[in-house]
Amino acid sequence: MDKKIYDIAVIGGGPAGLTAALYSSRAGMKTVLLEKAQPGGQLWWSEKIENYPGFPEGVASGELASRMREQAEKFGAEVLTAELLEIGDAEEGVFTLRVSGSGGEILSRCVIAACGAKMKQIGVPGEKKLSGKGVSYCAVCDGPLFKGKKVAVIGGGTAACEEAVFLSRFASEVYLVHRRPRLRAVGRAVDRVNETDNIKLMLDKRLVRINGGETVESLEFEDGSLLETDGVFIFAGLDPSTGALEKTVDTREGFILTDESLRSSRSGIYVAGDCRYGALRQVVSACGEGAAAAEQARAYVEKLKGEAYDW
């Protein structure tokens, strides 16, 4: 019996991947989505999403992830629990994907890489326990939840400075905490921090513990001092989950490079979401890129199969 050949294989089950699977399967493409963990991606890092259109009161992150998966499967997308290990050369227009577990090898005419990126954790006690309960990795996502409250930002780079300034619009006080005597960021990012009245610098302070019961209550530092706070935003950088693709497509700092049509350097491989260099890294933009990548992939597959229409 000939092995099954999918039209489109989606790598990653976050918002970008689930949307890509929805759009491609609804367009009649035989679609498989590979996700090594639970579909939803970084949605599971927060309890509630307040800036996704259509939910004025916000929506529970887990509920949104589950609905996205259910909608993709409704139109025929197959969701497999497996991790991509390697993409082989495309022979006769078909890629061979080597995956973990019982999947072995999967054949697909086209690939959408939506493998995401992971926020770097700093690994202090309390961080994991209170993630989504005052510990956040996204100021744009969670900043409005801390209106009138006191928050801390951990980090000394440009991103940490920019996020501290963003949070200053909502929080009554923002403490920018860095373990070194001076910030790593330079130029305008530092100037804006210094110009913002409700941002206070805490330099040469090493965080060793995040305290709290149901929510964040205080931060504990190596010198024994405490900072009472309602929330802590950690900006230690991002790790793109692109290891299995780095030998296949062009990357920069681990993120996959694309053109304006979300095409990678490899014909037949499209990219969407946080693993893409230059991505906005918001749920709504990830969904938009997933839809756009699916449409590009559909057109590619139809042309490959000789089914494209010349209107």
Side-chain angles (χ1 to χ4, degrees), residues 3-21 24 29-39 41-42 77-121 236-281 285-286 289-290 292-301 303-304:
K3 192 164 185 177
K4 184 176 185 179
I5 299 177
Y6 293 94
D7 292 316
I8 297 173
V10 180
I11 313 303
L18 289 169
T19 305
S24 58
M29 296 285 105
K30 190 178 297 182
T31 304
V32 61
L33 182 147
L34 306 179
E35 169 55 54
K36 64 181 179 181
Q38 187 174 11
Q42 290 188 42
E78 295 181 37
V79 177
L80 299 182
T81 302
E83 180 179 6
L84 176 68
L85 302 177
E86 184 181 33
I87 296 181
D89 293 333
E91 297 182 7
E92 297 182 0
V94 176
F95 289 100
T96 299
L97 284 65
R98 190 165 65 88
V99 302
S100 64
S102 58
E105 289 186 346
I106 289 175
L107 303 179
S108 181
R109 295 183 174 88
C110 186
V111 174
I112 297 176
C115 35
K118 296 178 291 185
M119 296 292 184
K120 289 182 181 177
Q121 295 181 278
L238 278 173
D239 278 328
S241 303
T242 56
L245 289 157
E246 284 189 310
K247 294 181 181 179
T248 306
V249 295
D250 291 344
T251 63
R252 182 179 298 169
E253 299 171 6
F255 295 92
I256 303 173
L257 295 168
T258 68
D259 64 10
E260 66 279 2
S261 297
L262 304 179
R263 287 186 292 245
S264 73
S265 59
R266 180 78 172 272
S267 178
I269 299 181
Y270 297 84
V271 189
D274 290 6
C275 65
R276 190 180 69 82
Y277 186 84
L280 179 59
R281 299 180 185 124
S285 59
E289 290 188 6
E295 283 299 292
Q296 293 291 335
R298 176 191 59 78
Y300 172 87
V301 171
K303 184 176 181 180
L304 194 68

request  = Quick one: pull up SG in Cys275 and CG in Leu245 and give me the separation to the nearest 0.5 Å.
outcome  = 7.5 Å

query = If you take all heavy atoms of Ala279 and Gly273, which pair is closest and at what distance?
reply = CB-O, 3.3 Å

ask   = Do Leu97 and Glu105 come within less than 4.5 Å of each other through their side chains, counting heavy atoms only?
value = no

query = Distance from Asp274 atom CG to Phe255 atom CZ, nearest 0.5 Å?
reply = 8.0 Å

request  = To the nearest 0.5 Å, tell me how far Lys36 NZ sits from Ile11 CD1.
outcome  = 12.0 Å

request  = Determine yes or no for a side-chain-to-main-chain donor-acceptor pair under 3.5 angstrom, with Lys30 supplying the side chain and Ala77 the backbone.
outcome  = no

message = On a heavy-atom basis, which atom in Gly88 and which in Phe95 lie closest, and how many Å separate them?
response = O-CD2, 3.9 Å

message = Under the rule for side chain to side chain contact (heavy atoms under 4.5 Å, CB included), what residues qualify as partners of Ser261, not counting sequence neighbours?
response = Asp259, Arg263, Gln296

task = Could you tell me which non-hydrogen atom of Glu35 sits nearest to which non-hydrogen atom of Pro39, and how far apart they are?
result = CG-N, 3.8 Å

key: Shortest non-hydrogen separation from Ala294 to Ser24 and the atoms involved   = CB-N, 4.0 Å

inquiry  = List the residues meeting salt bridge (Lys or Arg N to Asp or Glu O under 4.0 Å) with Lys120, not counting sequence neighbours, and say none if there are none.
reply    = Asp239

ask   = For the residue pair Ala21 and Leu33, what are the closest heavy atoms and their distance?
value = CB-CD1, 3.8 Å

ask   = Between Leu257 and Thr251, does a side chain to side chain contact (heavy atoms under 4.5 Å, CB included) hold up when you go through it step by step?
value = CA-CA 5 Å; Leu257 295 168; Thr251 63; 5.7 Å; no

Under the salt bridge (Lys or Arg N to Asp or Glu O under 4.0 Å) test, residues paired with Glu86 that sit two or more places apart = Arg98

message = Among residues at least two apart in sequence or on other chains, which ones pass side chain to side chain contact (heavy atoms under 4.5 Å, CB included) with Glu92?
response = none

inquiry  = Checking Ile106 against Val32 for the side chain to side chain contact (heavy atoms under 4.5 Å, CB included) test, could you report, in this order, the C-alpha distance in whole Å, the side-chain angles of both residues, the deciding distance, and whether it holds?
reply    = CA-CA 9 Å; Ile106 289 175; Val32 61; 4.3 Å; yes

request  = Please answer whether the main-chain N or O of Ala9 pairs with a side-chain N or O of Ser108 as donor and acceptor at a distance below 3.5 Å.
outcome  = yes

key: side chain to side chain contact (heavy atoms under 4.5 Å, CB included) against Ala293, all qualifying residues, sequence neighbours excluded   = Ile112, Leu262, Tyr270, Ala272

ask   = Does the distance from a Lys or Arg side-chain N to an Asp or Glu carboxylate O, for Asp7 and Arg109, drop under 4.0 Å?
value = yes

Distance, nearest 0.5 Å, that separates SG of Cys110 from CD1 of Ile8 = 5.5 Å

inquiry  = Please find the pair of heavy atoms, one from Thr31 and one from Tyr6, that lie closest to each other, and give the distance.
reply    = C-CD2, 3.9 Å

task = Only counting residues at least two apart or in another chain, list the ones meeting side-chain hydrogen bond (donor to acceptor under 3.5 Å, both in side chains) with Glu289.
result = Arg276

ask   = Looking only at atom types and distance, does a side-chain atom of Thr242 sit under 3.5 Å from a main-chain N or O of Gly254, one as donor and one as acceptor?
value = yes

query = Applying the side-chain contact (heavy atoms from CB on, under 4.5 Å) test to Leu34, which of Leu80, Val79, Val111, Val10 qualifies?
reply = Leu80

note = CD1 (Ile256) and CD1 (Ile269) are apart, to the nearest 0.5 Å, by 8.0 Å

Straight-line distance of Ser264 OG to Asp250 CG, nearest 0.5 Å = 8.0 Å

